[in-house]
Amino acid sequence: MFIAQALQNASDSTSTIVHRNSELFMKIDPYGIGMTVMGYSVVFIALLLLYVIFYNLSKAMTLNIRRILRKEGKTEEANKIEEISGEINAAIAYAIYLYFNELHDKENPIITINRVSKAYTPWSSKIYGLRQYPR
Amino acid sequence: MFIAQALQNASDSTSTIVHRNSELFMKIDPYGIGMTVMGYSVVFIALLLLYVIFYNLSKAMTLNIRRILRKEGKTEEANKIEEISGEINAAIAYAIYLYFNELHDKENPIITINRVSKAYTPWSSKIYGLRQYPR
Amino acid sequence: MFIAQALQNASDSTSTIVHRNSELFMKIDPYGIGMTVMGYSVVFIALLLLYVIFYNLSKAMTLNIRRILRKEGKTEEANKIEEISGEINAAIAYAIYLYFNELHDKENPIITINRVSKAYTPWSSKIYGLRQYPR
Amino acid sequence: MENFFDFLTHGIEQFVAYTAFPNMTVGHIIMITVGLIFIYLAISKEYEPLLLVPIGFGILIGNIPFLESAKLQIGIYEPGSVLNYLHFGVMKGIYPPLIFLGIGAMTDFSALLSNPKLMLLGAAAQVGIFGAYILALIIGFIPEHAAAIAIIGGADGPTAIFLASKLAPELICAIAISAYSYMALVPVIQPPIMKLLTNDKERRIRMKPPRSVSKTEKIMFPIVGLILTTFITPSALPLLGMLFFGNLLKESGVTKRLADTAKGALIDIVTILIGLTVGASTQATTFLTPESIGIFALGAASFVIATAGGVIFVKVMNLFLPEGKKINPLIGNAGVSAVPDSARVSQTIGLQYDQTNHLLMHAMGPNVAGVIGSAVAAGIMLSFFMG
Amino acid sequence: MENFFDFLTHGIEQFVAYTAFPNMTVGHIIMITVGLIFIYLAISKEYEPLLLVPIGFGILIGNIPFLESAKLQIGIYEPGSVLNYLHFGVMKGIYPPLIFLGIGAMTDFSALLSNPKLMLLGAAAQVGIFGAYILALIIGFIPEHAAAIAIIGGADGPTAIFLASKLAPELICAIAISAYSYMALVPVIQPPIMKLLTNDKERRIRMKPPRSVSKTEKIMFPIVGLILTTFITPSALPLLGMLFFGNLLKESGVTKRLADTAKGALIDIVTILIGLTVGASTQATTFLTPESIGIFALGAASFVIATAGGVIFVKVMNLFLPEGKKINPLIGNAGVSAVPDSARVSQTIGLQYDQTNHLLMHAMGPNVAGVIGSAVAAGIMLSFFMG
Amino acid sequence: MENFFDFLTHGIEQFVAYTAFPNMTVGHIIMITVGLIFIYLAISKEYEPLLLVPIGFGILIGNIPFLESAKLQIGIYEPGSVLNYLHFGVMKGIYPPLIFLGIGAMTDFSALLSNPKLMLLGAAAQVGIFGAYILALIIGFIPEHAAAIAIIGGADGPTAIFLASKLAPELICAIAISAYSYMALVPVIQPPIMKLLTNDKERRIRMKPPRSVSKTEKIMFPIVGLILTTFITPSALPLLGMLFFGNLLKESGVTKRLADTAKGALIDIVTILIGLTVGASTQATTFLTPESIGIFALGAASFVIATAGGVIFVKVMNLFLPEGKKINPLIGNAGVSAVPDSARVSQTIGLQYDQTNHLLMHAMGPNVAGVIGSAVAAGIMLSFFMG
Ligand code: NA
Ligand code: NA
Ligand code: NA
């Protein structure tokens with residue numbers, strides 16, 4: 001039924017459609033329970049999937065990277081992958097500083113992480129070249 | 001009469017209205033004396049009011065600020081409020097420099113005043129923090 | 001005929017015109033030989049003229065500038081006009097560096113030439129003032 | 001001559017009639033006061049100044065009284081006026097995706113990637129949206145309006161404006177103002193709720209520092225994120241597409257200059273225009289309505305529900321998490337994606353109970369996840385009503 | 001085959017017919033020369049280069065002769081051409097307020113605040129506007145055109161374009177070119193008038209250095225300024241609203257990045273587009289008319305009247321001011337708000353008579369006040385004609 | 001109640017119907033793969049990343065499957081969608097001239113001015129355009145489409161989009177993608193051809209270092225260049241007018257801030273929008289057609305012809321040039337104006353045969369001349385078809 005309607009909708013103006021659906025909902029979902037149940041679960045599904053994928057991806061990555069590094073003999077770097085307390089403390093320190101100076105600037109999070117993001121990458125190392133180029 | 005017209009105008013296109021008024025003026029104010037008298041006086045009234053308000057405001061401010069500073073024992077700053085010859089000379093010097101270099105750049109006036117604008121402010125001193133933040 | 005058509009075209013929509021001409025070409029220039037002959041020669045004419053003008057202009061300029069410089073006794077500069085091997089080597093060196101760093105940045109050519117472009121200019125020397133002004 | 005004095009007197013009459021004074025209403029005074037309060041809070045309290053200063057001044061501009069019948073092309077609702085042209089990007093939902101492009105270019109998702117399970121907190125906080133939807137229906141809003149209002153609970157100005165422009169154009173202004181106001185007030189709204197719902201032991205939970213995140217992960221995130229989230233809710237494409245596009249520009253490492261402009265000149269220009277026009281659209285004659293009051297009430301409610309929802313969700317998660325992996329519920333509020341304010345709140349409150357327990361890094365995760373969460377929620381509502 | 005040579009010959013015919021040469025008129029040559037002069041003055045004399053280079057090159061672009069009947073979508077007046085799209089912002093008066101936003105963000109009103117009575121000089125100089133209005137009527141322009149032309153005396157390109165777009169769209173181009181030309185020529189026009197109207201003693205008057213201005217005053221100025229001026233002339237809102245908005249972004253201290261963009265990328269982009277399209281709209285076939293000549297004559301007159309008015313007004317004020325508080329009439333010209341050129345003129349002339357008497361700081365006051373003054377004048381004229 | 005479960009089931013049905021999964025086709029998968037390849041090449045191989053990253057991500061955005069019948073205003077071809085608004089600048093050919101403005105502001109024509117005869121190489125390479133035109137007609141494209149496709153041989157994205165928007169709007173997307181793809185692949189396409197057509201002696205030819213270029217010459221170039229080229233082909237005005245305008249802003253020396261913005265924020269913003277929308281317009285349902293394949297084949301051919309043409313032309317010139325003035329044919333390819341990539345190719349290949357023979361400087365000349373050459377060619381074709 002909905003689909004049929006959707007197809008038929010194609011001929012109407014947006015607002016007409018919106019309003020027709022709205023009236024429908026007023027009848028069959030007057031308290032929005034249905035909308036809540038479905039909407040909230042979809043939001044969860046979406047982020048849950050994202051979680052699952054990156055949870056496994058990062059696992060794979062870490063192993064993979066460490067293997068590469070080990071091969072290159074960069075053992076200390078390899079271990080660095082695990083813990084970055086050094087950077088993180090610096091980052092936090094800076095974050096706090098920013099925090100107390102109340103710089104309302106969305107870029108803060110970037111700054112706090114910057115050094116971390118310079119971690120080893122399997123991609124072409126040329127990339128780093130670019131980051132320094134002067135605007 | 002004008003108002004009535006205005007209300008009736010509401011139904012016409014802009015250009016029609018403009019032209020109707022224009023013809024009206026051609027009849028009753030052929031030399032623009034009326035326009036001049038009224039227009040010029042309104043311009044004066046506007047800026048005169050601005051003058052009156054800020055003349056008194058600044059008076060109030062200065063006293064008020066000096067009181068605060070005195071309370072904080074910042075006597076020398078308190079006096080600085082009155083005269084800023086030091087800054088101003090620097091400012092002028094720079095202005096002259098710019099002037100002879102003919103930098104056609106509307107931002108000059110800012111630069112020439114900058115130090116002055118850093119004068120004491122009753123607002124949250126955090127403000128200064130922001131000014132330095134790197135773009 | 002074409003012109004007449006053009007004038008008559010004035011009343012039609014762009015796409016109609018385009019299509020009418022297109023059909024015409026399909027008849028009389030099915031293999032695009034005509035288009036090629038004319039188009040390619042016009043491109044050449046345009047750039048050939050540009051060449052002729054700037055070939056002579058630059059000749060004139062160089063002489064003219066050297067004369068001025070000689071008058072001002074800046075002989076070494078005068079000779080510099082001829083050869084800029086110094087700059088050019090620097091420029092190339094930098095170009096190579098950029099090249100190997102593969103900075104895909106259209107501004108490269110500018111940089112490689114910059115110093116060169118600071119050569120003597122008969123225009124008001126004030127110009128230089130501006131180039132340094134801080135954004 | 002007599003004619004001329006006629007003109008003078010009439011002219012003065014007319015001039016006076018066109019000044020603000022005879023056209024002023026109580027509404028104008030109220031709104032101008034509101035505008036001044038916004039500006040004061042922005043400057044002296046520094047509540048989201050980049051939003052409140054433009055909006056506040058916009059409110060002043062939008063509420064200078066004028067003779068509307070005279071078609072002087074001043075008001076934002078008068079075709080041909082400059083404000084009306086600039087408002088187009090709000091009415092058609094064009095500005096929000098551009099803002100998201102810039103936000104993507106300035107957001108670092110490392111915090112999220114280093115501890116992916118925090119993504120769920122970004123989902124949890126969206127309960128504020130659906131809670132507000134139910135409340136809105138109860139107090140009598142029709143469903144499409146209820147949905148547009150409910151999205152305020154997403155704590156995302158652009159998302160709210162975008163959804164409202166599709167579902168309830170006549171309410172855009174009130175919804176936007178309400179959304180931005182409560183985002184600015186996050187530091188005031190959230191702390192009491194967080195303290196109410198947590199016990200001392202929970203507030204002291206320490207989380208291990210996030211791990212390093214590789215460049216590859218950061219490059220893959222916007223790509224995988226786009227495909228995954230928009231495959232589930234294609235109608236969130238305008239928002240999420242731009243968000244992830246901006247983020248790829250940032251992380252690719254080879255498009256620095258584009259990312260810099262996207263998070264610099266571009267987002268600044270759009271921020272100026274969106275703030276100014278949203279503010280100006282609060283023209284007293286159209287803004288001061290019962291609906292507006294209802295919208296503000298619902299907005300407050302949605303933020304409370306969202307914050308509570310986030311905190312409680314963490315407490316539930318902790319029931320299933322092993323010792324040492326437990327999450328500090330003080331970062332639950334951060335799913336309310338007023339980036340980075342709600343994360344800062346977690347940090348402050350955390351420090352109040354343990355001077356050495358820095359939660360900011362951990363709170364950034366749910367914080368950015370909340371942006372994605374509310375965009376998805378908006379997408380679902382869109383498809384429900386427009387489909 | 002025969003057909004093919006037919007095509008070749010016709011093709012060449014057609015090609016030639018489409019080149020500039022057969023379509024060139026004396027007008028084109030004149031205008032191209034004008035464009036070259038603009039560029040020369042801008043580069044070698046540095047008269048307002050940020051305006052004259054774009055306008056000058058725009059004049060060249062607008063006067064490349066082409067077969068107009070062929071609808072190639074080249075000309076600025078051909079629907080569908082790029083120039084036509086970019087010109088929209090001029091025709092609808094959208095660019096001027098955006099320029100004012102940037103000007104507000106780069107203008108420091110301290111000089112004005114430190115000595116508020118200088119505001120009156122900004123009003124005085126606007127006599128140039130009304131003088132020109134009377135002259136325009138006398139030489140036979142119809143009132144609405146006379147008003148649009150008269151605003152040139154305000155020495156404010158954006159204001160002139162804005163008013164013209166509402167009252168005399170067909171004259172925008174000539175009015176804008178005239179306004180910008182004379183603004184660039186301020187250093188040439190004003191000095192003789194200033195010397196003529198002042199005596200040696202007056203020229204040496206020293207004024208005490210302006211006092212410091214507090215941050216609060218600078219923050220309150222755009223707010224109070226907006227409310228006060230637009231309450232009196234709401235129709236000046238599009239210009240003054242943006243001017244004061246930009247200034248608040250600058251002075252608030254918490255919106256630095258928005259102010260930077262407003263006075264940087266944003267105003268630059270609009271300046272490029274406004275200069276280019278205003279220049280290009282001088283298409284010989286539509287621009288070279290008797291009206292245009294009249295407009296240029298009136299423009300010159302208005303600047304002379306404005307300068308004289310400013311200087312004389314100071315002399316009158318001095319009659320009522322006590323010794324030591326007298327104003328140097330050499331800053332009277334600065335009410336002609338070609339910021340900051342007319343202020344620079346005061347400075348140079350002042351130095352010619354007293355090597356140690358720096359008037360620049362004092363002249364900046366009337367200079368910025370003049371911007372407000374002419375915007376108010378434009379507002380009044382708008383309400384008179386559109387009301 | 002029964003009603004409610006009805007709703008739930010239907011809701012789920014509907015929700016699923018709106019997700020991407022039921023609407024996905026093989027085409028979508030193909031295009032998404034293409035998008036991922038673009039992004040991979042841009043990031044890891046750094047082929048024109050500033051173009052390929054936006055286009056590649058745009059392809060992803062444009063190929064998220066959705067229920068088109070539901071009018072959700074998602075797709076770039078749905079009126080009212082954000083992408084549709086942003087695509088306007090492509091459809092109407094507004095973005096390309098703005099890009100040219102920025103290119104002009106960042107291009108230094110010194111290399112060309114110091115050795116003007118290199119301009120001819122910029123003309124020679126345009127043979128690729130006309131060669132492709134003939135081929136396109138042979139494989140059966142109608143003339144106006146053939147012309148729009150042929151311009152790909154000009155190796156100029158903006159020029160291609162501009163011409164296509166006038167002659168073949170329905171093919172813009174394929175033409176733009178093809179043009180940008182091959183521009184990115186220049187380092188792969190050209191070397192073999194260059195080596196094939198030159199002998200060892202030629203490859204070692206040394207050219208004397210270019211002479212210094214005076215400021216005056218650099219200022220006169222955009223002015224003379226504009227008048228001369230557009231007098232011959234007025235229809236190239238939108239492109240060449242902007243190119244030379246930008247260059248004057250750069251060289252005038254008095255409009256630095258305008259040039260900086262033109263080659264900074266402005267070109268970045270337009271690049272983001274043009275890349276994103278061109279990519280998004282590859283919506284599988286409309287993009288995957290036989291025409292598109294033909295267009296890609298012709299694009300490749302045109303680049304090969306252009307490169308060969310440039311190299312051969314140099315060899316012909318050398319027959320007439322005296323010893324010591326001969327040109328190294330390895331810079332012949334540079335007439336293909338993928339600035340500065342094709343010039344870089346000359347440099348690398350040159351170094352392969354003589355470690356000390358730097359051709360970059362010399363190759364920049366034909367490189368920038370090629371931009372002018374292809375714009376002129378586009379102008380001619382426009383006048384032929386639109387006249
Ligand atoms: Na959110
Ligand atoms: Na003025
Ligand atoms: Na080319």
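Chain identifiers are assigned alphabetically (A, B, ...) following the order of the sequence lines, protein sequences preceding nucleic acid strands; residue numbering begins at 1 within each chain.
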Go through the atoms of F/Leu237 and report whether side chain, backbone, both or neither lie under 4.5 Å from a heavy atom of chain E.
side chain
Heavy-atom pair of closest approach, residues F/Ile232 and E/Thr19:
O-CG2, 3.3 Å
Would you mind checking which part of F/Leu101 comes under 4.5 Å of any heavy atom in chain E, side chain (CB onward), backbone (N, CA, C, O), both or neither?
side chain
When rounded to the nearest 0.5 Å, the distance separating CG of E/Leu273 from CG of F/Leu98 is 7.0 Å
For the CD1 atom of E/Ile32 and the CZ atom of F/Phe231, what is their distance to the nearest 0.5 Å?
4.0 Å
Does any backbone or side-chain atom of E/Ala42 lie under 4.5 Å from a heavy atom of chain F? Answer side chain, backbone, both or neither.
backbone
Hey, are the side chains of E/Ile43 and F/Leu248 touching, using non-hydrogen atoms and a 4.5 Å cut-off?
yes
CG of E/Leu50 to OG of F/Ser252: how many Å apart, nearest 0.5 Å?
8.5 Å
Option that, when pairs with chain F are counted at under 4.5 Å, heavy atom only, ranks first among E/Phe15, E/Phe21, E/Tyr85:
E/Tyr85
So what's closer than 4.5 Å to chain E heavy atoms on F/Phe88: side chain, backbone, both or neither?
side chain
Within-4.5 Å side-chain heavy-atom neighbours: F/Phe245 and E/Ile272:
yes
Which residues share a side chain to side chain contact (heavy atoms under 4.5 Å, CB included) with E/Ile37, sequence neighbours left out
E/Thr33, E/Leu41
I need the E/Asp268 CG to F/Leu258 CG distance, nearest 0.5 Å.
5.0 Å
With side-chain contact (heavy atoms from CB on, under 4.5 Å) as the test, would you mind laying out the steps for E/Ile267 and F/Thr261 before giving the verdict?
CA-CA 10 Å; E/Ile267 196 170; F/Thr261 298; over 6 Å; no
Does any heavy atom of chain F fall under 4.5 Å from the side chain of E/Leu83, the backbone, both, or neither of them?
neither
Quick check: do F/Phe244 and E/Leu60 have side-chain heavy atoms less than 4.5 Å from each other?
no
From the list F/Pro238, F/Gly93, F/Pro234, F/Ala262, the residue making the most non-hydrogen contacts under 4.5 Å with chain E is F/Pro234
Here the pair of heavy atoms bringing F/Pro97 nearest to E/Val82 is CG-CG2, 3.7 Å
In Å, rounded to the nearest 0.5 Å, how long is the span from CZ of F/Phe384 to OH of E/Tyr18?
9.5 Å
Quick one: side chain to side chain contact (heavy atoms under 4.5 Å, CB included) partners of F/Val127, sequence neighbours excluded?
C/Tyr40, F/Ile305
With a 4.5 angstrom heavy-atom cut-off, which part of F/Thr233 approaches chain E: side chain, backbone, both or neither?
side chain
On a heavy-atom basis, which atom in F/Val254 and which in E/Pro49 lie closest, and how many Å separate them?
CG2-CB, 3.4 Å
Sort by residue number and list every residue of residues 73-81 of chain E having at least one heavy atom under 4.5 Å from chain F.
E/Gln73, E/Ile74, E/Gly80
Any residues in residues 154-168 of chain F near chain E, with a heavy-atom distance under 4.5 Å, and which are they?
F/Phe162, F/Lys166
